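Reviewing the structure listed below.
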Amino acid sequence: MQVLSNYYNIKRNQKEEIDMDKLMQDANRFVSDIVDGLVLAHPNQYEKVEGLNVVKRKGGAIADKVGLVSGGGSGHEPAHAGYIGDGMLDAAVCGEVFTSPTPDMVLEGIKAADGGAGVLLVVKNYSGDVMNFDMAKDLAELEGIQVETVVVNDDISIQNEEDRRGVAGTVFVHKIAGAAAASGKSLDEVKQVADKVISRVRSMGMALSPCYMPESGKPGFELPDDEMWIGIGIHGEKGVERKAVAPVKDIAAQLVEHLTAEVTDKRIAVMVNGMGGTPVSELYLTYKYVSELLEQKGYEIVRPYVGNYMTALEMHGFSITLLPVDEELLQYLDASSKAIGFLV
Amino acid sequence: MQVLSNYYNIKRNQKEEIDMDKLMQDANRFVSDIVDGLVLAHPNQYEKVEGLNVVKRKGGAIADKVGLVSGGGSGHEPAHAGYIGDGMLDAAVCGEVFTSPTPDMVLEGIKAADGGAGVLLVVKNYSGDVMNFDMAKDLAELEGIQVETVVVNDDISIQNEEDRRGVAGTVFVHKIAGAAAASGKSLDEVKQVADKVISRVRSMGMALSPCYMPESGKPGFELPDDEMWIGIGIHGEKGVERKAVAPVKDIAAQLVEHLTAEVTDKRIAVMVNGMGGTPVSELYLTYKYVSELLEQKGYEIVRPYVGNYMTALEMHGFSITLLPVDEELLQYLDASSKAIGFLV
Amino acid sequence: MKLTVEALRRALLATADAIEQQKDELTDLDREIGDGDHGINMSRGFQGVKKELEAQNSLTDLGELSKLVGMTLIKTVGGASGPLYGTAFVKFATKWKDKQSAEGEDLFAGFKEATEGIKSRGKSQVGQKTMVDIWEPFTAALQTDTSLEKVIDQALADTKAMVATKGRASYFGEETKAVQDPGALSSSILLKNIAEVLLHD
Amino acid sequence: MKLTVEALRRALLATADAIEQQKDELTDLDREIGDGDHGINMSRGFQGVKKELEAQNSLTDLGELSKLVGMTLIKTVGGASGPLYGTAFVKFATKWKDKQSAEGEDLFAGFKEATEGIKSRGKSQVGQKTMVDIWEPFTAALQTDTSLEKVIDQALADTKAMVATKGRASYFGEETKAVQDPGALSSSILLKNIAEVLLHD
Ligand SMILES: Nc1ncnc2c1ncn2[C@@H]1O[C@H](COP(=O)(O)OP(=O)(O)O)[C@@H](O)[C@H]1O
Ligand SMILES: Nc1ncnc2c1ncn2[C@@H]1O[C@H](COP(=O)(O)OP(=O)(O)O)[C@@H](O)[C@H]1O
Ligand SMILES: [Mg+2]
Ligand SMILES: [Mg+2]
Ligand SMILES: [Mg+2]
Ligand SMILES: [Mg+2]
């Protein structure tokens with residue numbers, strides 16, 4: 001069954017306007033095709049858990065190392081499977097597009113990551129993810145695996161702190177907790193440093209254009225080409241403010257204003273993250289203004305990261321993440337990583 | 001002057017439809033903003049030649065190593081500056097968007113790369129690039145620098161071999177010639193291995209949507225959302241065949257058919273390259289089908305590469321590059337590289 | 001009012017068909033105040049349930065049937081709605097274990113347990129504009145003489161007017177007043193089909 | 001027909017203005033059969049020339065002036081047109097070195113050298129639908145009595161009908177028959193402005 005060609009044919013017959021542009025084969029296999037491609041392209045690094053969209057380190061868990069598992073809905077590539085690798089994650093659980101994976105899948109991820117020293121789950125703060133990973137934790141504990149969970153909630157677009165979403169800051173949690181685990185820390189210690197990152201990291205994003213759900217062919221939000229959304233999520237959720245497109249410095253200034261209101265420490269790592277459809281050229285261009293604005297406010301950028309790290313399908317836009325760092329966090333940021341999405 | 005906001009305001013006042021979506025500040029500074037951002041984001045690795053959009057390895061040329069210089073029009077990021085780094089290029093010359101840089105700029109790149117063992121210019125086969133790099137070579141030789149040139153022409157979309165464009169295959173030339181230079185080979189030897197790659201490498205691409213020139217705000221070509229172009233270039237040039245969007249396997253099959261007609265050796269490196277606006281998820285999905293098709297035809301993929309390597313601004317699409325390899329080329333492909341666009 | 005194995009099976013199959021019918025509507029509501037996948041999620045789940053029911057048509061125990069449905073939903077839906085609907089059916093199973101049918105207090109106890117299960121799994125309560133705002137009044141109405149259908153319709157109308165404070169819809173605050181909660185709509189579809197078999201059997 | 005320093009300066013300033021006027025047209029033609037930057041490139045180049053001319057208004061030598069223009073174009077335009085136009089002016093300079101004006105054989109020799117320079121730099125010849133198809137007939141006409149303006153118009157019409165076999169336009173083959181070559185159009189703008197001063201001075 002070729003949902004893609006059907007999709008286009010139906011639309012053409014109905015003389016409907018088609019907005020979606022996607023390289024795909026069959027919407028029902030969209031996620032497994034991505035996962036298969038990733039594993040095929042990195043055969044020495046990744047392995048798929050038979051029959052499931054769960055990716056693990058080739059060769060399995062490392063004995064006596066704390067295992068790191070993340071995941072969530074798909075559509076955020078290279079997150080989360082692209083962060084598997086020595087120094088970062090051990091397994092990633094890939095749900096349907098923008099839909100949390102099920103507990104049985106997460107359980108398989110936990111089993112794949114468990115080397116006897118327990119497993120830390122890095123969960124983004126969405127009801128679905130929290131519930132499914134929670135149920136999986138219960139199941140894993142029944143099987144005698146020690147499991148801890150941290151929940152990332154870095155998106156300051158959301159006023160109410162309890163509802164804050166996990167977005168690009170999650171990648172810093174993967175990197176730092178991954179390095180701590182690789183250095184031989186215990187489950188408690190790894191959880192502690194992950195929570196330290198979570199307590200510090202803040203993000204905010206914007207979009208020039210929406211992303212399209214592969215199955216429905218519909219955009220997450222409507223947006224005229226001359227307008228943009230400020231404060232979007234990574235699932236096609238519209239933002240908190242819609243306004244005319246502006247020069248990137250003005251956009252960056254608005255995001256930086258919000259972020260710096262919450263980040264008082266001045267020594268920071270900065271991530272300018274693309275939303276999937278943003279060319280790296282525009283990300284570097286954006287970084288120029290972001291770094292200028294931050295420096296004007298007295299921040300010292302000790303580690304800059306620019307790239308498509310936590311995306312929303314083909315959405316065109318960016319987010320800024322600020323992470324105040326100390327020597328411990330810096331050391332973990334700089335530690336070696338073989339993950340294809342974050343090579344150090 | 002804010003060309004971006006002016007652009008949108010003018011269009012809005014004229015009630016014109018606006019298609020372009022770009023993160024930018026000022027179209028007149030588009031390229032220098034990208035270059036500045038790149039250098040700011042990698043301060044330990046890159047340096048700008050004062051006042052010019054020429055990027056060089058921080059710390060300058062390496063004594064007695066053959067220098068490698070590439071460049072061309074901008075809009076292909078991470079090419080070419082992103083391929084500077086130990087094991088690849090020493091300098092990159094960044095022209096205006098899709099416009100070859102001028103000879104005086106190229107000369108600065110050559111000077112920055114020259115460590116006394118001569119400099120190899122890796123040029124893509126466009127009249128403009130060939131002429132400007134040629135003039136720069138003459139100028140450099142007047143200053144006593146030994147310069148050789150190779151011209152990459154891997155795009156088989158063009159029938160006439162003389163007119164074949166240099167596209168994503170250029171990245172393999174950078175990598176392999178870069179590794180040869182790093183290993184201490186002479187200018188002649190480096191040129192020889194570069195020419196070996198050029199004689200073998202073949203590419204072909206497609207686009208689902210065009211790219212927009214930052215200054216004019218206009219798309220390189222018109223393309224209804226339910227159609228695609230096969231055989232596009234990397235400057236918004238329309239392709240050789242326009243047809244209805246199809247499932248990605250059908251598209252890949254058409255490209256693979258053309259490519260395999262020219263590539264008879266079965267042991268190959270494969271690159272699935274995004275055109276800038278293609279999310280990495282779709283590239284991995286595409287790679288799945290590309291690799292299946294090639295394996296069905298008896299090819300053995302010994303090195304897969306998937307990512308946005310040689311782009312055309314925010315164009316959404318991909319190209320496939322095939323490079324038949326032997327032990328020498330494999331060894332150079334696998335050699336260490338610190339270039340941000342091709343970390344090994 | 002009595003719920004037999006056969007009646008619950010019938011209600012579930014009817015729900016699966018109704019979800020297919022209203023799949024786009026559910027998804028479009030979720031695009032407005034969520035992430036645009038609720039119809040897709042529910043369809044995947046209830047098509048899974050349909051398949052299981054068709055494969056295992058010899059079940060005679062209401063507890064076994066509920067557990068099968070709950071586990072199927074948990075394993076196929078994902079997202080927020082998967083654990084919530086899954087938990088509801090698993091909770092039915094704990095109350096209807098070894099029973100061939102449920103009525104009166106037993107029937108109520110099952111729905112009470114399911115609703116509490118949803119609330120504790122989701123850390124949610126009435127008034128937050130979620131599926132809870134359908135399940136809770138429905139369950140209460142089982143102990144009264146009111147028409148279940150009317151109760152559901154009223155609950156739907158009430159829910160629509162609420163401001164979301166839970167789940168993805170909560171990001172959109174006041175704006176959500178104008179849009180129905182997708183999980184409330186899908187819950188109304190399921191519970192109406194159950195009400196239907198309760199009233200006519 | 002005599003080309004003085006002052007006349008060439010005037011022709012160049014007029015060309016700069018005309019290019020600004022036709023910038024979008026040049027770019028649009030290049031979008032059709034190229035990469036959509038010719039107007040942008042020519043504008044950058046001739047605005048650069050204008051700036052240089054305004055800064056250095058004491059030049060009295062046709063060779064110096066041509067060299068300044070050539071080097072400015074080479075340094076500011078890039079692309080294919082930069083080296084080609086740049087080479088043309090550098091070649092003028094070699095023939096008009098130390099001259100305050102050029103006429104007759106001198107005038108012709110300059111244009112002959114420029115046209116040959118373009119051809120050898122671009123490895124191109126007449127009939128390939130490039131700027132050469134304007135420069136060559138213009139140069140030839142300098143030795144005849146024909147109206148230079150008419151020659152240019154005819155050359156433009158002839159060029160439009162050609163199939164491109166050089167530069168980016170060559171990718172589009174037969175299709176190029178319907179579209180004017182952007183470099184031919186920009187060459188016609190420059191050469192018409194030169195013709196203008198030649199005829200009226
Ligand atoms: N914490 C919660 N408690 C109760 N119901 C919830 C909760 N979170 C979400 N829901 C319900 O789930 C529905 C959304 O389901 P769905 O779209 O399938 O999952 P997701 O929100 O993960 O995309 C909402 O409309 C709401 O009724
Ligand atoms: N090899 C060549 N010989 C002569 N003229 C050429 C050649 N290549 C290109 N041209 C001319 O240059 C024009 C294109 O210039 P421009 O668009 O500025 O550069 P680019 O092609 O590098 O984008 C063409 O229209 C053509 O007239
Ligand atoms: Mg979802
Ligand atoms: Mg060009
Ligand atoms: Mg949803
Ligand atoms: Mg051009």
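Values in this document were obtained by computation on a predicted structure and should not be read as measured data. Proteins come first, then strands; the chains are lettered A, B, ... in the order of their sequence lines, and each starts at number 1.
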message: Restricting to salt bridge (Lys or Arg N to Asp or Glu O under 4.0 Å), what partner residues turn up for A:Lys338, sequence neighbours left out?
response: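 With neighbours one apart ignored, the set is empty.
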
Using non-hydrogen atoms only, which part of [X] is less than 4.5 Å away from chain B: side chain, backbone, both, or neither?
| X | answer |
| --- | --- |
| A:Thr278 | both |
| A:Ile340 | side chain |
| A:Tyr305 | neither |
| A:Ser291 | side chain |
| A:Met206 | side chain |

- prompt: Can you tell which of A:Gly277, A:Ser281, A:Gly75 has the highest number of heavy-atom pairs within less than 4.5 Å of chain B?
  reply: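 Top option by heavy-atom pairs under 4.5 Å: A:Ser281.
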
message: Shorter than 4.5 Å, heavy atoms on both sides: which option in B:Val35, B:Asp36, B:Val39 has the most such pairs with chain A?
response: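 Among B:Val35, B:Asp36, B:Val39, the one with the most close pairs to chain A is B:Asp36.
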
query: For chain A, which of B:Met275, B:Lys288, B:His76 has the most heavy-atom pairs under 4.5 Å?
result: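 Option with the greatest count: B:Lys288.
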
- prompt: Taking the side chain as C-beta and beyond, is there a heavy-atom pair between B:Leu23 and A:Leu208 under 4.5 Å?
  reply: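 They are in side-chain contact.
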
query: Do the non-hydrogen side-chain atoms of A:Pro279 and B:Thr311 ever get within less than 4.5 Å of each other?
result: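 Contact flag for A:Pro279/B:Thr311 side chains = no.
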
- prompt: Which heavy atom in B:Asp21 sits nearest to a heavy atom in A:Ser209, and how many Å separate them?
  reply: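 The pair with the smallest heavy-atom distance is OD2-CB, 3.7 Å.
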
query: If every non-hydrogen atom of B:Ala41 is compared with every non-hydrogen atom of A:Pro304, which pair is closest and at what distance?
result: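 Between these two residues, the closest heavy atoms are O-CG, 3.5 Å.
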
How long is the straight-line distance from [atom2] of [Y] back to [atom1] of [X], given to the nearest 0.5 Å?
| X | Y | atom1 | atom2 | answer |
| --- | --- | --- | --- | --- |
| A:Leu285 | B:Leu38 | CG | CG | 11.5 Å |
| B:Leu40 | A:Glu292 | CG | CD | 7.5 Å |
| B:Met24 | A:Tyr289 | CE | OH | 11.0 Å |

B:Gln25 side chain to A:Lys249 backbone, donor-acceptor under 3.5 Å: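 Yes; judged by distance alone, with no hydrogens or angles, the pair exists.
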
- prompt: When the aromatic ring centroids of A:Tyr284 and B:His42 are compared, is their separation below 6.0 Å?
  reply: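 That pair passes the under 6.0 Å test.
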
